[in-house]
Every structure is written in C-alpha cells, then in structure tokens.
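Because only heavy atoms are used, hydrogens play no part in the values below, and waters and symmetry mates are left out as well, while side chains stay in.
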Amino acid sequence: MNTKDIKSLISDAAGLCPNSIVFSGGEPLLRSDIHELIAYTNKYKINTCLVSNGTLIDDDVAKRLSASGIGVVNISIEGPEDIHDALRGKGNYKKAHEALRHLSRHKIETTMAAIVCRHNYKSLPYVMELANEVGVTTVKFQPFSDIFLIQKDKKDDFLLSADDLEGINKSIDKIILLSRKYKISTNPDNYLYNIPAYLSKAYSENMKKNCQSLWSSCPIAQNGDVYPCWVLSDNVIGNLKNNRFSEIWNSEKHNLLRKQIGEKGCSGCLMSCYDYNMGKYGIGQELLIKGRKLRRPNFYRRLYNRNYQLLNYLGVKIINHINSFRLFRGNNNHKISEELSEIRRAKQLLKKEIAALKNDKQG
C-alpha cells in the first residue's frame, strides 16, 4: 500500500472513532513515509504507536519521530545481550538498547515487549530491570506463538518441558514484584500465570474466552488484506483494494464471524494485544502501577485523544438514534401498524422457542 492508500485508510478509519492506530510490521521504519503517516494520523486526534525492533532508531530518527507526534514506541527486548542476539541476530541488542536511549533523550514514551520461550524465561526479570534503568513505562510479555514462525517444524524448540515450569513461575513472581516496585505497567497477573501452561501444551485449546478483540481491533496487512485478529489470520474478511475499511468493519462477513465467536467462544490465544481478556487491575492498583505514565506529559495528551474519540463515538450513536426515531415518527400510521405487527409476531415466535427449550430441558 502506498502513502495515498494508507492516508485514505486513516481518514476512513477516523470515522469509526478508534482509540489508536498501531504501525507495526515487519519493521515499519523501513517505510520512508512513516513519519508523514504518523503526523497525518495525529490530525484526527488518534493515538499512535510504533512497534520496532529498534535497529533503525538513531538520534535523527528519534528526533523525527518526536516531531511527527508519535505517542508511544514499542521496542522488542528478549533478555540480556547474548540471549537477545541469539534470538534476533548478532549485534541487535546494542542497537535496540541505543534506540531506547535515543527515544528517552527526545522525551518519547517507550514501552518494551518480550516474547517468552524456553530460551529466555529465566531472563524475564532482567527485562524489567532494564526497563527501569531506561525509563520505560510499560513492559508486555507474550508467550511464543508459531503463527509468526516461518519454519513451523521448529515450534517445539521454543516450548517448555515439565522441568522448566518451576523456573518460569519464579520468573513471573519476580516480574509482578518488580512491576509494583518500579511502577511499570505489565500484563494482568492472571495472564502472566497462564503463560507456563500455554508454553508447555497444558493450556486447553478448547478453553473458551470472552474475547472482545473482534469488536475492538483488527490487523491490516501490507497488501490491504483485513483480518479479524492475528490468530484468525486464515480468515480474510476483505481487502482495501475492493472496499473501504469502514465497509469491511461493518460487513456481513465480519459480523457473522463475531456472532460465531460470541456463541461458541474462542480458544485463549494469549496474544498480549488481547491480554485484557484475562482480567484488569483495580483503580488503586492501576494508579500505583502506572506511576511512571502519570509523570509523562504525553500520557495526558493520549488520555485526551481517547476521551475525544469516545465522545465522538457516543455523539454519533446518539445522533443516529435521534434520526432513526424521527424517521419512524415521520412514517404514516399504516407503516407503524406493520412494524408493530412484526414485533408481535417476533414475540410469539420467541415464546414458542422458550417453551420448546423448557420441554427439551425437562425431557
């Protein structure tokens, strides 16, 4: 998708009042127009986040990101230098570490992400210590998933054995303690404590979750394909070459998938972008953990943007209801009579269905 395509997407998506737009990849900084796209998004008062491996962020790039009005930059750190480089390539730890320094120098709020696997679970507390050292406000942990793995036969290399469970649980205990100590946000406790079972194949694949991701977000690929979520990436719900994003978001195909997930549930994927499904903190604890965020001016700008989009959304809903009511009132009495007859028929059918269900239950 070229610059014009993505700007058109952003303009259209703005009509849906989104909380944020995340630029990810691959590596989004490989796009020469990324700073222009971030600035364009900010015109609509939509929060922006950039997810990067940090290898391309020098002082000049950090300065340009600041000028573009980026809200948050997320940098991947998998552990100490030897472990990070073993997983992401030699020399990449130093580049990512320097990226965190450059972003901090230009007062850009930064977060960190770590993929938890057999190779780095003992080093997770190190990630929290590093986050404290460089002034990071949030650290998100996510268990390894083979949906991003090219060589699927290598999956077992990243999973845990029974012998690893005690060690990873100790690491998770330490993460939670350090989160409180340094006032750094991280995943909900319940989410973190489910990671060992997920990585040791003890997590139930049929475990139904009340996942709200299909109603609140969706990934868009570089070729314009729109997916319901990262895990359901086999289900393309549309392409931006054929339809506008708002049309795809409200399409019959997307709504049918939402209905199926709502009725049958979805196995818990433990993708960190959906970790809110595993619970939330109380208000007091939330304020304690987000202590660093409350000291950042950009936090209040993002809070303003979120509330602006929420009020926009509610305003549109209210106006639509008022218009619908006026349209209904404007119809003639015959039309109103027809509508009431339909409601009565629906009520009768519903009574029959309830009675049938009761009989089945008694039988």
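- In terms of modelled atom types and a separation under 3.5 Å, the side chain of Ser8 and the main chain of Lys4 share no donor-acceptor contact.
- The side-chain heavy atoms of Lys181 and Asn132, taken from C-beta on, include no pair separated by under 4.5 Å.
- Without hydrogens or angle criteria, Lys253 side chain to Val236 main chain gives a donor-acceptor distance under 3.5 Å.
- Using a 4.5 Å cut-off on side-chain heavy atoms (C-beta onward), Gln142 and Leu270 make no contact.
- Residues Pro125 and Ser171 form a side-chain contact, since some pair of their non-hydrogen atoms from C-beta on lies under 4.5 Å apart.
- Interatomic distance, CD1 of Ile34 versus CG of Leu29, reported as 6.5 Å (0.5 Å rounding).
- In this structure, Asn120 contributes its side chain and Val116 its backbone to no donor-acceptor pair below 3.5 Å.
- A donor-acceptor contact under 3.5 angstrom links the side chains of Arg258 and Asn255, judged on distance only.
- The backbone N or O of Leu37 sits less than 3.5 Å from a side-chain atom of Thr41, completing a donor-acceptor pair.
- Counting only N and O atoms by type, the side chains of Tyr121 and Asn169 include no donor and acceptor under 3.5 Å apart.
- Cluster annotation: Ile6 is connected to Ile46 through the hydrophobic network of ILVMFWY side chains, with a link wherever side-chain heavy atoms come within less than 4.5 Å.
- A pairwise comparison of heavy atoms in Glu129 and Tyr182 identifies OE1-OH, 2.7 Å as the closest pair.
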Intermediate values then yes/no, side chain to side chain contact (heavy atoms under 4.5 Å, CB included), Ile175 and Val127 | CA-CA 9 Å; Ile175 286 169; Val127 175; over 6 Å; no
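- Considering only heavy atoms from C-beta on, Lys140 comes within 4.5 Å of Asn187 through its side chain.
- The hydrophobic cluster containing Val22 does not contain Leu16, counting ILVMFWY residues as joined when their side-chain heavy atoms lie under 4.5 angstrom apart, directly or transitively.
- When side chains are defined from C-beta on, Leu178 does not count as touching Ile184, because their heavy atoms never get closer than 4.5 Å.
- Of all heavy-atom pairs spanning Cys269 and Tyr198, the tightest one is O-OH, 2.9 Å.
- Aromatic ring orientation, His119 versus Phe158: perpendicular (interplanar angle above 60°, classes split at 30° and 60°).
- Using a distance-only test at 3.5 Å, with no hydrogens or angles considered, no donor-acceptor pair links the side chain of Glu36 to the main chain of Asp33.
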CA sep, side-chain torsions, deciding dist, call: Thr137, Val72, side chain to side chain contact (heavy atoms under 4.5 Å, CB included) = CA-CA 10 Å; Thr137 60; Val72 177; over 6 Å; no
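- In terms of heavy atoms, Phe144 sits closest to Leu159 at CD2-CD2, 4.2 Å.
- Crowding of Lys152 atom NZ: a count of heavy atoms from other residues, nucleotides or ligands under 6.0 Å exceeding 12.
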Just do the side chain to side chain contact (heavy atoms under 4.5 Å, CB included) check on Gln309 and Asn19 with the steps written out, would you?
-> CA-CA 6 Å; Gln309 296 300 337; Asn19 176 46; over 6 Å; no
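- Shortest non-hydrogen contact noted between Ala13 and Phe245 is CB-CD2, 4.1 Å.
- Rounding to the nearest 0.5 Å places CD1 of Ile261 at 11.0 Å from CD of Gln212.
- A distance-only check finds a donor-acceptor pair linking the side chain of Asn47 to the backbone of Arg302 [under 3.5 Å].
- Atoms CG and NE2, on Asp58 and His102 in that order, are 6.0 Å from each other to the nearest 0.5 Å.
- Connection of Met128 to Ile83 is established within a shared hydrophobic cluster, with ILVMFWY side chains joined at heavy-atom distances below 4.5 Å, either directly or through further cluster members.
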Could you walk me through whether Asn53 and Ser76 pass the side chain to side chain donor-acceptor pair (under 3.5 Å) test, one step at a time?
-> CA-CA 5 Å; Asn53 60 24; Ser76 301; over 6 Å; no
Go through the steps to decide whether Glu133 and Leu100 satisfy the test side chain to side chain contact (heavy atoms under 4.5 Å, CB included), and finish with yes or no.
-> CA-CA 10 Å; Glu133 178 191 332; Leu100 291 166; over 6 Å; no
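- Under a hydrophobic-cluster definition in which Ile, Leu, Val, Met, Phe, Trp and Tyr are linked whenever side-chain heavy atoms come within less than 4.5 Å, directly or via other members, Leu56 and Leu50 are assigned to the same cluster.
- When only modelled atom types and interatomic distance are considered, Ser246 and Asp12 share a side-chain donor-acceptor pair under 3.5 Å.
- Using modelled atom types, one side-chain atom of Glu78 and one backbone atom of Ile115 make a donor-acceptor pair closer than 3.5 Å.
- Side-chain contact, Asp275 with Ser272: no donor N or O sits under 3.5 Å from an acceptor N or O.
- Remark: the Thr55 side chain and the Asn92 side chain contain no N/O donor-acceptor pair separated by less than 3.5 Å.
- A pairwise comparison of heavy atoms in Met271 and Tyr191 identifies C-OH, 3.7 Å as the closest pair.
- Defined by atom type and a distance below 3.5 Å, a donor-acceptor pair is present between the side-chain atoms of His106 and Asp59.
- In this structure, Arg118 contributes its side chain and Asp157 its backbone to a donor-acceptor pair below 3.5 Å.
- The shortest side-chain heavy-atom distance between Ser104 and Val134 does not fall under the 4.5 Å cut-off.
- When hydrophobic clusters are built by joining Ile, Leu, Val, Met, Phe, Trp and Tyr residues whose side-chain heavy atoms come closer than 4.5 Å, directly or via intermediates, Val51 is not grouped with Ile57.
- Looking only at distances, no side-chain donor or acceptor of Gln151 sits under 3.5 Å from a matching main-chain atom of Asp153.
- Classification of the Tyr44-Tyr40 ring pair by plane angle, with boundaries at 30° and 60°, yields perpendicular.
- Counting only heavy atoms from C-beta outward, the side chains of Pro196 and Ile172 approach each other to under 4.5 Å.
- Between the CG atom in Asp164 and the OG atom in Ser200 there is a gap of 9.0 Å [rounded to 0.5 Å].
- No side-chain heavy atom of Tyr93 sits less than 4.5 Å from a side-chain heavy atom of Arg88.
- Summarising the geometry of Asn235 relative to Pro228, their closest heavy-atom pair is O-CD, 2.9 Å, with the distance given to 0.1 Å.
- In this structure, Glu166 pairs ionically with Lys170, as a charged nitrogen and a carboxylate oxygen lie closer than 4.0 Å.
- More than 12 heavy atoms of other residues, nucleotides or ligands shown are found within 6.0 angstrom of NZ on Lys7.
- Judged by distance alone, the side chain of Ser123 and the main-chain N or O of Tyr126 form no donor-acceptor pair under 3.5 Å.
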